[in-house]
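These notes are about the structure you will find just below.
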Amino acid sequence: MSSRRSRQQSSSSRISDDQIIELVSKLRQLVPEIRHRRSDKVSASKVLQETCNYIRSLHREVDDLSERLSQLLVTIDADSPEANIIRSLINQ
């Protein structure tokens, strides 16, 4: 009986094809590399690949900005309001 119940739960938690299509469509609108293309014919796998690349680039950008803020923090008075702002940005 528990096997039957688990099958019912797993099938009810599955994402439908229509939901996948809708999610891929939303990703198309969010990822600049895809959004700026003239052609709407981009495969779902390409959308996912570009989304992963975009997220990686955002991570690199955040790391770079954090490093730059850390370097800036070293050059200013540690008790200044600016230093407090930089520390709060780094700790987010």
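All residue numbers in this chain count up from 1 along the given sequence.
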Does Val24 belong to the same Ile/Leu/Val/Met/Phe/Trp/Tyr cluster as Leu30, with side-chain heavy atoms less than 4.5 Å apart forming each link?
-> no
Hits for side chain to side chain donor-acceptor pair (under 3.5 Å) against Glu22, two or more places apart or cross-chain, chain-then-number order -> Lys26
Sequence neighbours excluded, the answer for salt bridge (charged side-chain N to carboxylate O under 4.0 Å, His left out) partners of Arg68 is Asp64
Quick one: side chain to side chain donor-acceptor pair (under 3.5 Å) partners of Ser16, sequence neighbours excluded?
-> Gln19
hydrophobic_cluster_shared for Ile85 and Ile90, side chain cutoff 4.5 Å | yes
Partners passing side chain to side chain donor-acceptor pair (under 3.5 Å) against Arg35 (at least two apart in sequence or in another chain) = none
Can Val62 be reached from Leu89 by stepping across I, L, V, M, F, W or Y side chains whose heavy atoms are under 4.5 Å apart?
-> no
Might you work through the side-chain contact (heavy atoms from CB on, under 4.5 Å) test for Lys46 and Gln49, ending with a clear yes or no?
-> CA-CA 5 Å; Lys46 184 68 174 172; Gln49 184 178 36; 3.6 Å; yes
Step by step, would you call Arg60 with Ser57 a side-chain contact (heavy atoms from CB on, under 4.5 Å)?
-> CA-CA 5 Å; Arg60 283 191 300 271; Ser57 75; 3.6 Å; yes
Common cluster, Ile20/Val42, ILVMFWY with side-chain heavy-atom separation under 4.5 Å | yes
Go through the structure and list residues passing side chain to side chain donor-acceptor pair (under 3.5 Å) with Gln71, not counting sequence neighbours.
-> Glu67
Taking the side chain as C-beta and beyond, is there a heavy-atom pair between Ile86 and Ile76 under 4.5 Å?
-> yes
Asp77, CG: over 12 other non-hydrogen atoms inside 6.0 angstrom = yes
Taking all non-hydrogen atoms of both residues into account, name the closest pair between Ala83 and Ala78 and its distance.
-> CB-O, 3.5 Å
Evaluate whether atom NE2 of His59 has more than 12 neighbouring non-hydrogen atoms of other residues, nucleotides or ligands under 6.0 angstrom away.
-> no
Counting N and O atoms only, with roles assigned by atom type, does the side chain of Ser25 sit under 3.5 Å from a partner on the main chain of Ile21, one being a donor and the other an acceptor?
-> no
Run the numbers on Leu23 and Leu27 for side-chain contact (heavy atoms from CB on, under 4.5 Å), then give the verdict.
-> CA-CA 6 Å; Leu23 292 169; Leu27 286 174; 5.8 Å; no
Test side-chain contact (heavy atoms from CB on, under 4.5 Å) applied to Leu73 and Arg87, step by step | CA-CA 8 Å; Leu73 187 59; Arg87 273 194 292 281; 3.7 Å; yes
In chain order, what residues pass the salt bridge (charged side-chain N to carboxylate O under 4.0 Å, His left out) check against Arg37, with sequence neighbours excluded?
-> Glu50
Are Val31 and Leu58 connected in the hydrophobic side-chain network, where two residues link if heavy atoms are under 4.5 Å apart?
-> yes
